[in-house]
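Read through the structure below, which is laid out as structure tokens, and then see the notes.
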Amino acid sequence: MKRKKIFKLLQTEAPIDKLLIQGWVRTRRDSKGFSFIEVNDGSCLKNLQVVANESLDNYSEIKKLTTGSAVAIHGKLVESKGGGQEWEIQAENIEIVDLAPESYPLQKKRHSDEFLRTIAHLRPRTNKYGATFRIRSEISYAIHKFFRDRGFRYIHTPIITGSDCEGAGELFKVTALDLDHLPKKDDRTDFQQDFFGKEANLTVSGQLSAEMFALALGDVYTFGPTFRAENSNTRRHAAEFWMVEPEMAFCDNDGNMDLGEELVKYLTTYALEECGDDIELFAKWVDKNLMATLENTATSEYIRLPYREAVKILMKSGQMFEYEVDFGKDLQTEHERYLTELYFKKPVIVYDYPNVIKPFYMRINDDQETVAAMDVLVPNIGEIIGGSQREERLEILEARMDEMGMDKAPYWWYLDARRYGSVPHSGFGLGFERLLMLITGINNIRDVIPFPRTPSSIEF
Ligand code: 4AD
Ligand code: MG
């Protein structure tokens with residue numbers, strides 16, 4: 001007996017004897033002497049048609065099979081006589097593993113995304129979410145392949161940390177203290193009595209750790225979960241999201257932009273080439289322009305635009321923006337989308353942002369007012385990558401931290417990297433969910449994460 005996944009069977013040739021297929025019933029249709037069962041095993045978008053002949057022992061049970069029921073089918077793969085599919089299974093035995101009751105919520109063909117979020121534990125069984133999470137898996141693999149093929153090493157950076165990389169204060173605290181009986185010292189919580197003997201939080205970025213490893217192993221990357229307690233309920237922010245963070249020694253911000261562009265192109269190309277059926281579903285049902293957007297992202301040369309120039313273009317745009325544009329103010333999604341969707345009509349890399357809106361670690365430019373930062377902006381989403389060349393000069397870095405009122409003591413190890421064999425180095429963070437939004441055309445981040453965490457929402 002050969003236990004097979006449907007996606008493998010569809011790549012082979014009939015006939016094949018003595019097969020075992022395990023999956024869930026999508027639909028059943030009876031005709032004279034036969035029952036036709038559409039079975040999906042989650043391995044691909046396509047169902048396999050199973051033909052049950054009335055001569056089967058449990059035929060009367062088979063005719064009661066409901067949508068969502070689990071089945072194990074022994075049989076033979078043969079060429080299909082009916083239209084619509086190439087192969088079908090002639091069942092020799094159908095074991096009903098579990099009969100789903102009529103209350104199974106996924107009866108009707110289409111449900112709203114909002115409804116499906118309320119049953120996030122069942123939604124991967126729908127075509128759309130099955131496709132989403134298969135793509136998520138494929139693209140994760142592609143990320144590792146991209147870096148491995150280029151000699152980058154994969155580093156597991158800590159999830160619990162004592163430092164705030166971005167300095168934006170959006171930290172989830174990690175504590176083992178009894179919140180109803182906090183130990184006090186000078187009227188403040190005494191974290192010396194906490195698990196780590198000091199304050200700890202969930203990481204907002206693996207960057208600072210990745211930098212230490214870049215200065216040892218050369219080119220490295222991290223790919224893992226990051227956490228931000230931003231209270232912004234937007235369609236592109238989650239409290240828990242995954243970030244891909246490469247870090248390269250002996251690399252300036254130009255090399256950094258080159259890598260960012262190469263990575264986004266590689267991953268969109270990979271999706272087009274390797275996730276065909278699943279991508280087609282999105283192009284058909286979710287975003288009619290998806291193929292054009294993906295082709296454009298995969299093949300066009302990205303615009304490289306200094307922040308100063310971006311501000312000029314936005315000021316001259318004649319658009320009614322909600323947020324004001326001015327040198328020293330951060331670009332908002334509406335500005336990013338104007339640049340990528342209306343003005344240039346392709347991805348744009350904005351670089352050399354004002355230092356006042358960027359974190360302490362970015363390398364200050366000779367003009368003393370901008371830093372060697374770079375953001376990759378794409379149509380429909382806006383910022384998908386944020387990165388920079390890092391300040392490798394000890395005195396300048398220390399001065400910047402002082403200026404920002406930071407306590408340097410906890411960063412002694414970070415500063416050490418500038419004491420011993422410091423070199424120019426650069427890196428960035430690619431928001432994995434935002435990339436998946438780009439690839440699928442799904443317009444809410446909640447729908448590309450298995451169990452999303454957003455303000456006031458942690459069901460499942
Ligand atoms: O621009 P950010 O904040 O950069 C960093 O954290 C750097 N330390 C990365 C580095 O240089 N190693 O975040 C990087 C990317 C953003 O461009 C965005 O795509 C994504 O992470 N991102 C979020 N995605 C979902 N939900 C959120 N709340 C996000 N915040 C950032
Ligand atoms: Mg950013």
Side-chain angles (χ1 to χ4, degrees), residues 143 147 152 155 157 161 163-172 202-214 219-248 251 253 255-257 259-260 263-264 267 307 330-333 335-336 340 347-351 353-354 357-363 371-378 380-391 414 425-439 442-449 452-455 457:
I143 284 164
F147 286 116
F152 284 65
I155 309 297
T157 53
T161 77
S163 59
D164 174 5
C165 172
E166 296 304 293
E170 296 153 343
L171 305 170
F172 284 105
L202 294 177
T203 188
V204 296
S205 160
Q207 176 195 324
L208 304 190
S209 316
E211 280 187 51
M212 302 306 108
F213 276 77
D219 295 339
V220 300
Y221 70 105
T222 74
F223 179 22
T226 49
F227 307 86
R228 294 191 188 179
E230 284 171 281
N231 204 4
S232 49
N233 237 322
T234 79
R235 61 178 191 85
R236 41 170 237 167
H237 286 92
E240 177 178 304
F241 61 99
W242 282 57
M243 225 201 280
V244 183
E245 297 182 89
E247 191 70 36
M248 295 166 287
C251 179
N253 207 31
N256 203 27
M257 290 191 261
L259 187 80
L263 176 61
V264 174
L267 296 175
Y307 166 90
D330 211 355
L331 299 185
Q332 303 292 328
T333 311
H335 309 134
E336 297 169 348
T340 53
V348 178
I349 309 182
V350 177
Y351 63 96
Y353 282 76
I357 52 169
K358 291 294 183 186
F360 75 97
Y361 54 73
M362 293 191 179
R363 191 179 198 277
V371 285
M374 68 96 174
D375 279 6
V376 179
L377 318 178
V378 294
N380 302 332
I381 318 264
E383 178 189 341
I384 196 168
I385 282 180
S388 69
Q389 183 168 342
R390 322 307 189 186
E391 185 55 78
Y414 186 74
H425 60 287
S426 303
F428 61 78
L430 165 72
F432 185 50
E433 283 75 17
R434 293 201 186 163
L435 174 81
L436 293 172
M437 291 168 72
L438 172 74
I439 287 176
I442 288 179
N443 69 14
N444 196 311
I445 197 165
R446 290 169 180 80
D447 298 335
V448 294
I449 310 180
R453 274 84 178 90
T454 51
S457 166

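For clarity, every value in this text was computed on a predicted model and none was experimentally measured. Residue numbers run from 1 in the order of the sequence given. Just so you know, ligand 1 is whichever comes first in the structure, and atom 1 is the first atom listed for that ligand.
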Q. So among Gln207, Glu391, Arg390, which one has a side chain to side chain donor-acceptor pair (under 3.5 Å) with Tyr361?
A. Gln207
Q. Any nitrogen or oxygen of His237, main chain or side chain, under 3.5 Å from a nitrogen or oxygen of ligand 1?
A. no
Q. Can you tell which of Arg390, Met243, Met374 gets a heavy atom nearest to atom 11 (O) of ligand 1?
A. Arg390
Q: Please confirm whether Gly386 comes within less than 3.5 Å of ligand 1 when only nitrogen or oxygen atoms on both sides are compared.
A: yes
(Q) Pairing donors with acceptors under 3.5 angstrom, does anything connect the side chains of His425 and Gln389? (A) no
Q | Heavy atom of the protein closest to atom 18 (C) of ligand 1 (residue, atom name, distance) | A | Arg434 NH1, 3.5 Å
Q. Nearest to atom 19 (O) of ligand 1, what protein heavy atom do you find, and at what distance?
A. Ile384 O, 2.9 Å
Q: Please report the number of protein N, O or S atoms that lie less than 2.8 Å from the Mg ion (ligand 2).
A: 1
(Q) Please check whether Gly387 reaches ligand 1 - meaning an N/O of the residue sits under 3.5 Å from an N/O of the ligand, judged on distance alone. (A) no
(Q) Would you say that more than 12 heavy atoms from the other residues, nucleotides or ligands in this model lie under 6.0 Å from the CG of Asn231, or not? (A) no
Q. Does Cys165 reach ligand 1 with a nitrogen or oxygen that is under 3.5 Å from one of the ligand's nitrogen or oxygen atoms?
A. no
Q: Just go through Gln207, Arg228, Glu245 and tell me whose heavy atom is the nearest to atom 6 (O) of ligand 1.
A: Arg228
Q: Classify the contact between Phe432 and ligand 1 as side chain, backbone, both or neither, using a heavy-atom distance cut-off of under 4.0 Å.
A: neither
Q: Please check if atom OH in Tyr307 has more than 12 non-hydrogen atoms from other residues, nucleotides or ligands closer than 6.0 Å.
A: yes
(Q) Is a donor from one side chain sitting under 3.5 angstrom from an acceptor on the other, for Glu247 and Tyr221? (A) no
Q. Is it true that the side chains of Ser205 and Glu245 contain a donor and an acceptor less than 3.5 Å apart?
A. yes
Q: Return yes or no for this condition: an N or O of Gly431 is under 3.5 Å from an N or O of ligand 1.
A: yes
Q) Are Thr333 and Arg236 close enough that a side-chain donor and a side-chain acceptor fall under 3.5 Å? A) yes
